[in-house]
Every structure is written in C-alpha cells, then in structure tokens.
Asker: 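Below is a structure I'd like to ask you about.
Labels below follow one simple rule: chain letters A, B, ... track the order of the sequence lines, proteins then strands, and each chain is numbered from 1. The figures that follow rest on heavy atoms only: side chains count, while hydrogens, waters and symmetry mates do not.
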Amino acid sequence: MGEKITMGAWGERRAAEYLRSEGIKLVETNFRSKIGEIDIIALENNKTVLFIEVKTRAGLSQGLPCEAVNKHKMRRLSMVAAYYMSLNSVRASLGNMPEHRFDVIEILLLNGKAWLRHIRDAFRIGDAGA
Amino acid sequence: MRNRNNITSIGLAGLEGYKVEVETSISSGLPAFIIVGLPDSSVQESRERVRVVLKNIGFEFPLKRILVNLAPADTRKEGPIYDLPIALGILEASGQLEGIPKDCVFVGELSLEGSLRPVRGMLPIALSARKHGAKEIFVPKDSAAEAALVRGITVYPAEHVSEIVEHLQGINEIKRAGEYAAKEDEETYHDFSDVKGQPGMRRALEVAVSGAHNILLCGMAGSGKSMMAKRIPSILPPMSMDEMIESTAVHSIAGMTGKAAPLLPHRPFRAPHHSVSSAGIAGGGKSLRPGEMSLAHNGVLFLDEFPEFRREVMESLRQPIEDGRLTITRASGSVTYPSDFMLVCAMNPCKCGWYGHPSGKCECSCDSVKNYRGRISGPIMDRIDIYVEAPPVDYEELTSKGENEPSSAIRERVMIAREVQLSRQGTVNARMSHEMIEAHCGIDEESGKLMRAAYEKFSLSARAYNRILKVARTVADMAGSVDIGFAHLAEAIRYRNPHG
Ligand SMILES: [Zn+2]
C-alpha cells in the first residue's frame, strides 16, 4: 500500500469487493449531498436498490460495528436515500425498481483478520421513530 | 394483491371497549414500516415483533412502504394486543393471505417465535366485540376461557399465529372454545360459629349484609371485630350471572383472572392494608388500572384499623359510596369503573386499643381519644349507616350461652331478605333512590316523633336521615314486615354513631 488511506476508506473498498463477488452491481460509491452521504448504492438481481452503510472498526472496545448505526444515522440515511431517488438522472435509470433496501456491511478487524458481515434489510424507515 | 385492507380489533377505555380498525396499506417506495393513529410506546414495539415473527414463520416482510393506521385516530391505542391484527393485515395486504372474514375480531400479543400471549381485559374485550356485531373472535389460548364467558360469539383459541393463518387459509380449522360452565363455589370460609359471643355485633353485621349497608365496627383489641369482619364472605348471598361477569371484567382489566377458571365464583372481599396509596385504592397508573374499590365491586371492601388510613384514601371513598362507580382522571385519559361495594370498617376505640376496658389499661388522654376518632371526617361518618361498639369479650362471654349460630343459617336469612328487596325495588336497600325511599319507607306518626327526636339529638344531615330510613327498611325486611314499625326504626337509629 503506497498511499496512506483511512480505515474507513479501506473498509468501503473491501465491502465493494465483496459485493462484486456476490454478483451485486455497484451503482455509486460515496454518494454525497448537502444532507449527508451514502457509502455504497448497488443493484441486486436488477430488482432491488440497495443503500449500504459500511462500518469498519478495529477491536470490540466500542461494540460491534453495526451498533454504530443508531436512530440518528437511520433517519439521516432515509433522507439521503429519498433525495437520491428523486434525482432525475437516477429516476431515468433506477426509477422503476420495485424494491429498495437498507443494508449494513460491518467489517471488524480482529487479530490481524478482517471479519465481514452483510446485514440485509437492516432497518426500515420508521424504526427510528415515526 | 389488494395493497390495502382493514382488520377489526378492540381497544379498552376502562370497562368500555371500542372498535379499532387496523388499516394496512402497502405501496412501493423506500422500505418503511410506520404505525400511526395515536399508538403508545408498547404499540410501537409491535413493529419489531411483527417483523421478526413474519420472517420466522416463513412469510415475507415486504420490502415496501408499509403504513398501518389504527382508526379512530383520536383515541390513544395501548398495549401489545394489536400485534396479531397488524401481522395478519400485512399478510393480506401483501397478497400472502386471503379471505379474512369481515365480522371477525383479532386480539393478541406475539412473542418473537409467533406464539400468542394472554390478553389483559379479555372479558370486556369479548363483550365489546359482541356488542359491535362481531360473530367470531380469535384470541390467545390462555385467554380463551375468559372470552368464552361471553355467549353469542364464536371464540377461536390459538397458541401460535400459524394456527390462525392456517385456519384462514382453510388448511386446518381451529377447534372452537366450548362455552364456559360456571363452577360451584368450592371455597371453604371461616365460619361465624367459631366466634364467641358478641350478639350485638353479630346482629349489626347481619343487618348490614342484608341491606348492603356500610358498617363501622368499633372495639378494643381482642373483641373479635376483625375476626367477624373476615367471616362476612361466609354470609354473603351468591352473585347473579350478570354480577359475576361484571366483577370478573374488572378483575380481568387488573390482570387478576385465572386462565383455567376465569369466572369469579364468589363476591369479592378486598382487605387492603392501611398503608395503601390513593392509586392503590382508587386505581390509576399509566394504564388507569382499577383499584381496590373497583375490585370490590359487588362485594365487600374491608378497611381494618380505619383511622390509620391516609386522609386522601378515606376521602376517595365518598364518590363510589354515593354513585356506585368511580372515575379516574389522569393526563392520559379518564375511565370509569363500577365500584359498588359494601364498606366494612373496623377501628380501635383509641390509639392504644384499650379505651373502655374494665382493667383501665388505656393510658390515652381524653384529647388523644378524641383526636383518634376525629381522623374519620364528618362526611365519611355521615356515609356509615351502622356503627356498632363491641364490649370487651371477657365480660361478654359470661353472658353468652351455648353454641354460636353457624354462617349457613345466617346466610339463608340474608338471602331471603335480599330477595324481598330485589323483588320490591330491583336493588338492595342501600342503593334505594329518593323515589324508592319515598315509596317504600313510609313511617307512622309515632315513629315520626322518634325520628324528629333523633334528628335534634344527633343534628342529622338530610343524607343521614335517608340512610336511617334505608336501614330501618332492612330491619323491617328481615322481620318479614311490609311496613317499617317503631321497633325497626328505633334499631336503625341506635346504629347511628353517637360520636359522629
Ligand atoms: Zn387508649
């Protein structure tokens, strides 16, 4: 590794590799907007749009990585996803997809190994309180 | 796929049930699961349970925008009982289940494995379902016996949500709950024959129970007053079916019914400790549960060491004594529970308990004795129909001879006296209206003089005046007399508290 990258960026790259290996098509990485960002947007089976939050942590001292997706984060992700789906360019390509899903990929670095876990349908809008 | 549907459930406000329509709509869009319609936090938690359960029992939790509306929107929805209708609503609206009949009611909390947990207030819910025209009700198995107390509605008990799904799909029909057969009251009571002497207190108690009058027993420690009060259940007349249903409904809301034999077999006898709180006696808490006064509905509320009760507890007795029901109001709402009880109080004559004992054991000052009795306020004393003082038992024992009468003999007389009252005016004497007093409590001229003398001597209130007439009516009924005679009235006046 020549350039120095953050652990978060490394995790996102690792997650992208994993998704490709699963045959899931990446649509966008690091989507940014004024209201927030989404790590990965992907398409599964040409049917389901995935909004994926990647959480990477070294060690368990702060709990499991997925536990970092709190109510505040859920609300934020819902808003960014809604904004994303409203973009004209997106509507042209993804507008008629029947399903949308919020996933979390957690990557835990422990004893020199990376443990990856893909949590499908990690939350629904409303989980953070209506 | 229908995308939207309605399933009927029932909510409770006190004993009153109201229809709740669980409206589910599923549309495309970002995956959401939202419950609206004034759900409290326990209803919000059902989102998580329903989601897990549907997946666990092999259904899809659709990746769509799921909106559940609990209508009417202006009533607060409480508790986890909407889990079942919400789960079925999602299955039907997403096309995974068909044919939920319209005149059905569903209630039940789900465990994460999909089993159904018992429901608090099952009896009033089932009564309300029938009132709203439902033909069938699906309930948790452990609540089924209680729901089956209600005639005219088919009860389907289920242990697991899958049983209900399969029933609706026509795969496996659920066996209906059988109508509940009331059991004989098998409880063995302490008997009046165990209590020595005290003919005066015995008589006063029989008068009180015969007409459901409030009574205060005053006697020193060891006079047997508490012993006698605790034997009241053995002489209470049996409940009618309607009374049983009413009393059971109150216990059901308090979560105090047994799952195998839910119907309350005998009149309640509630004896809260004098440390009881206002909420404990009157009801309350977040979900406005009934208190001791409502649990004593159709039965007896026994308050031992009456002057030791909190002031606000004593004062809260006034409304139910007058109205036979009790309204609790909190920020979360207001509910009314039936609270028609016979009040039985016992007290020592003084703080130490020995005032008036021939041995002179009492060391209370005159002020202290006055003070102790003064803890019972005028308005409460006014509502006590019968006040009786018990002489020390060692003196009494000398004069009592032979066997004491067993409870069964007293109970038989009580039942006859009650029968007379119910056939004459449809209620017990203690509950007579002004019109009924007018019609049934006439007194002759001689008795009128006696009444006037008493009126002046005790400076009676109008309420006390009417209460004396009601007790006199009971004494006359016990004697099998159509009219209230001089002796009947004289006995009733004797029961007024001379200190009150
Ligand atoms: Zn004393």
Side-chain angles (χ1 to χ4, degrees), chain A residues 24 27-28 31 33 35-38 40-53 66-67 69-71 73-87 90-91 93-104 118-130, chain B residues 1-3 22-71 73-74 76-78 82-83 86-87 89-91 93-96 112:
Chain A
I24 295 170
V27 178
E28 196 133 10
F31 172 76
S33 74
I35 38 176
E37 55 176 84
I38 296 177
I40 298 173
I41 298 163
L43 189 57
E44 191 176 60
N45 302 326
N46 267 321
K47 183 178 142 210
T48 311
V49 181
L50 312 182
F51 302 101
I52 301 166
E53 172 78 7
C66 62
E67 285 166 20
V69 183
N70 56 21
K71 290 190 172 189
K73 188 85 195 169
M74 287 178 197
R75 243 182 244 128
R76 180 57 55 95
L77 284 168
S78 314
M79 284 193 310
V80 183
Y83 168 70
Y84 178 78
M85 290 310 294
S86 73
L87 297 175
V90 172
R91 283 158 81 130
S93 58
L94 294 176
N96 290 325
M97 287 301 156
E99 290 181 353
H100 305 72
R101 207 172 70 200
F102 292 101
D103 289 6
V104 171
H118 183 185
I119 304 157
R120 291 176 173 81
D121 197 11
F123 70 92
R124 300 280 175 123
I125 294 173
D127 286 359
Chain B
M1 187 160 125
R2 293 176 52 205
N3 294 327
V22 179
E23 304 167 356
T24 309
S25 73
I26 297 185
S27 54
S28 53
L30 292 174
F33 184 17
I34 294 165
I35 300 178
V36 297
L38 275 188
D40 76 350
S41 58
S42 61
V43 179
Q44 282 300 354
E45 284 157 15
S46 93
R47 299 167 59 264
E48 202 53 41
R49 289 190 295 271
V50 168
R51 197 173 151 189
V52 173
V53 166
L54 288 191
K55 287 185 174 175
N56 281 350
I57 63 172
F59 285 99
E60 187 198 338
F61 191 74
L63 261 180
K64 305 267 184 181
R65 181 182 163 76
I66 302 168
L67 180 68
V68 175
N69 179 31
L70 306 176
D74 57 353
R76 180 158 288 280
K77 316 304 182 309
E78 257 182 29
Y82 304 110
D83 287 4
I86 289 171
I90 290 171
L91 288 181
S94 60
Q96 302 180 81
L112 293 180

Asker: More than 12 foreign heavy atoms under 6.0 Å from CZ of A:Arg120: is that the case here?
Answerer: yes
Asker: About how many Å separate CZ of B:Arg51 and CG of A:Asp127, when rounded to the nearest 0.5 Å?
Answerer: 5.5 Å
Asker: Please lay out, stage by stage, how B:Leu63 and A:Lys47 fare under the test side-chain contact (heavy atoms from CB on, under 4.5 Å).
Answerer: CA-CA 11 Å; B:Leu63 261 180; A:Lys47 183 178 142 210; over 6 Å; no
Asker: Can you tell me which residue among A:Met85, A:Met79, A:Arg124 is in a side chain to side chain contact (heavy atoms under 4.5 Å, CB included) with B:Leu30?
Answerer: A:Met85
Asker: Return the set of residues passing salt bridge (charged side-chain N to carboxylate O under 4.0 Å, His left out) with B:Asp40 (not counting sequence neighbours), or none when no residue passes.
Answerer: none
Asker: Picking from B:Gly29, B:Pro39, B:Ser28, which has the most non-hydrogen pairs under 4.5 angstrom with chain A?
Answerer: B:Gly29
Asker: Holding to ring-ring contact (aromatic ring centres under 6.0 Å, His included), I want the full list of residues that pass it with A:Phe123, two or more places apart in sequence or in another chain.
Answerer: A:Phe102
Asker: Inspect the surroundings of CZ in B:Phe59 and state if more than 12 heavy atoms from other residues, nucleotides or ligands are less than 6.0 Å away.
Answerer: yes
Asker: For B:Arg65, is it the side chain, the backbone, both or neither that has a heavy atom under 4.5 Å from a heavy atom of chain A?
Answerer: neither
Asker: Ignoring hydrogens, what is the shortest heavy-atom contact between B:Arg47 and A:Gly126? Give both atom names and the distance.
Answerer: NH2-C, 2.8 Å
Asker: At a 4.5 Å cut-off on heavy atoms, which part of A:Ser78 comes close to chain B: side chain, backbone, both, or neither?
Answerer: backbone
